[in-house]
Amino acid sequence: MVSSEGIEKLIRSHLVTLGGYAASTSPDTLKGKVEVPEESIIKLDANENPYGCSPRVSQALATYPYLNIYPDDVQTELRKLLEGYTGIGAEHIVVGSGSNQLIDLIIRLFIGLGDEVINCVPTFDIYRFSTEICGGTLIVVPRDENFAVNVNAVKAAISKQSKLIFLANPNSPTGNITPQKDILDIVNTGLPVLVDEAYYEFSGETVAPLVSQYKNLMVLRTFSKWAGLAGLRIGYGIFPPKIADYLLKIKIPYNVNVAALVAVRESLKDIDYLLGRVKDIVAERERLFGELKKLQFLKPFPSQANFIFCSVLNGKASKLQQELQSKGILVRYFDKPLLQNGIRISVGKPEHTDALIKALKELGGEISG
Ligand SMILES: Cc1ncc(COP(=O)(O)O)c(C=O)c1O
């Protein structure tokens, strides 16, 4: 028997001091901490879809009869459905329980102790988190003041230990796009490059059709954002077939549940409805940007995703986040060396924008004071 104090001696040593991933707040954990009832909380902190999923998904799940049966481990129908949606052959496609699971799986495929991962920061923190869990070494390449990727610095960072390069496109939490020319410049280095297109439906920018031309280009997508299915955890990747085969080999069995299969099936039958909601969100993003620009104490950055990053010019982002939370409005704040004093606001419905802007106007003076 090992005493609980001694457990660190058995845990892999690099995990003892691992910095965890800060996930978003569940509204049900805020009871008593906010001024509004749980159902009135406006959740703009995790880039979820304020319109929810297609009604077809809820109807189909309510009557799905086979919850007692394991899903198809090799995802035959799912991959075929996604072939139909993407126009890219099923042999390129692997599905995950959220794209986070695929990020983790790809890192597990390529990265062992001491292998290097090139990360263009600030960016989505899961890349760091999963790399560190696998014992990989992060090589941090800072983006410029407008969060553009520094292609020359990425190339200069490549060493014999480099195994993987991450590019979120649009980037999270900043919302900007990396031009396709820059992505291909990096892909032409020959190292495996993962282009994370979690927000593709909002940006319209993709390199997915190019995957079949390269042995080292991988693209990730998700149903969490555009299809309103974050709670069901459905992501997929488009890979060179050889990499897809390895990922299918090393994934845990039945990694995508049957509810996810039903949800993809029904969402893809209701594509016009869902893409109509995406259009509404994109229009609202532009309105929100205009409203945020009018506030003296915030500097919003243009975004191609379903969120807007703002630098807080006057006052503390952490205080602003707390004050908004107590009014029942959830946003994310960031205060790291390469992402100082900023908040990220997910695009909600028009009434969410109105409530947020009203609260920001009320708080503006207070947080800067
Ligand atoms: C860039 C990026 N990639 C991946 C994800 C994770 O998505 P999923 O819900 O599919 O795991 C997110 C979620 O916020 C994201 O911002």
Side-chain angles (χ1 to χ4, degrees), residues 21-26 43-50 52-53 75 78 82 85-86 93-107 117 119-131 143 147 149 164-178 183 193-203 205-208 218-238 247 251-252 255-257 259-260 263-264 267 274 281 285 301 303-309 330-334 339 342-348:
Y21 176 76
S24 65
T25 309
S26 263
K43 196 169 182 314
L44 305 177
D45 63 340
N47 308 336
E48 291 138 327
N49 191 320
C53 63
Q75 312 171 340
L78 263 175
L82 292 168
Y85 177 58
T86 61
I93 296 172
V94 179
V95 191
S97 174
S99 54
N100 279 341
Q101 187 182 57
L102 292 169
I103 293 167
D104 194 62
L105 201 62
I106 291 158
I107 291 174
V117 173
N119 203 23
C120 302
V121 293
T123 193
F124 188 42
D125 195 42
I126 291 284
Y127 310 148
R128 170 203 64 81
F129 174 71
S130 288
T131 298
R143 290 166 178 258
F147 309 116
V149 168
L164 188 56
I165 302 174
F166 276 106
L167 287 176
N169 201 39
N171 189 39
S172 176
T174 57
N176 59 305
I177 283 282
T178 300
I183 296 175
V193 177
L194 183 64
V195 181
D196 183 347
E197 296 182 354
Y199 302 95
Y200 155 66
E201 281 77 5
F202 302 99
S203 75
E205 296 266 339
T206 181
V207 289
M218 305 176 274
V219 171
L220 278 191
R221 302 266 187 86
T222 181
F223 275 64
S224 294
K225 317 295 180 181
W226 72 282
L229 290 168
L232 275 188
R233 316 301 303 122
I234 311 161
Y236 64 99
I238 302 161
L247 292 171
K251 74 176 183 57
I252 52 165
N255 64 316
V256 181
N257 66 53
V264 169
S267 297
L274 288 171
I281 292 168
R285 175 184 75 203
F301 285 78
S303 168
Q304 299 295 306
N306 66 340
F307 55 84
I308 294 177
F309 179 79
L330 309 187
V331 300
R332 282 298 271 259
Y333 86 92
F334 299 86
L339 198 62
I343 58 168
R344 188 195 66 195
I345 304 165
S346 308
V347 179

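In listed order, ligands and their atoms are each counted from 1. Note that the coordinates shown come from a computational prediction; the quantities given were computed from them, not determined experimentally. Throughout, numbering of the chain's residues begins at 1 and tracks the sequence.
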Element-labelled atoms of ligand 1 that are located less than 4.0 Å from some non-hydrogen atom of Ala198: 2 (C), 3 (N), 4 (C)
Euclidean distance, Ile281 CD1 relative to Phe202 CZ, rounded to 0.5 Å: 4.5 Å
Atom 13 (C) of ligand 1: the protein heavy-atom neighbour that sits closest, reported with distance to 0.1 Å: Lys225 NZ, 3.1 Å
Option set Tyr199, Phe307, Tyr236, criterion heavy-atom distance to atom 16 (O) of ligand 1, minimum: Tyr199
Check: Phe307 ring centroid to Tyr199 ring centroid under 6.0 Å: yes
Protein residue, atom and distance nearest to atom 7 (O) of ligand 1, heavy-atom basis: Ser99 OG, 3.2 Å
Atoms in ligand 1 flagged as close to Ser224, the criterion being non-hydrogen separation under 4.0 Å: 8 (P), 9 (O), 10 (O)
Side-chain donor-acceptor contact under 3.5 Å, Ser97 with Asn255: no
Close approach, Gln101 and ligand 1, non-hydrogen under 4.0 angstrom: no
Straight-line distance of Ile234 CD1 to Ser99 OG, nearest 0.5 Å: 11.0 Å
Side chains of Glu201 and Asn306, donor plus acceptor under 3.5 Å: no
Shortest protein contact, atom 11 (O) of ligand 1 (heavy atom only): Arg233 NH2, 2.7 Å
Contacting atoms of ligand 1, where contact means under 4.0 angstrom from a heavy atom of Ser172: 1 (C), 16 (O)
Residue and atom name of the nearest protein heavy atom (relative to atom 12 (C) of ligand 1), distance in Å to one decimal: Phe124 CZ, 3.3 Å
Neighbour count above 12 (heavy atom, 6.0 Å) for Tyr333 OH: no
Which of the ligand 1 atoms, numbered from 1, are nearer than 4.0 Å to a heavy atom of Gly98: 10 (O), 11 (O)
Arg344 CZ to Leu339 CG distance, which is reported to the nearest 0.5 Å: 10.0 Å
Heavy-atom donor-acceptor pair, Asp104 side chain to Phe129 backbone, under 3.5 Å: no
Heteroatom distance test (Asn100, ligand 1): nitrogen or oxygen, under 3.5 angstrom: yes
Sub-4.0 Å heavy-atom contact, Asp196 with ligand 1: yes
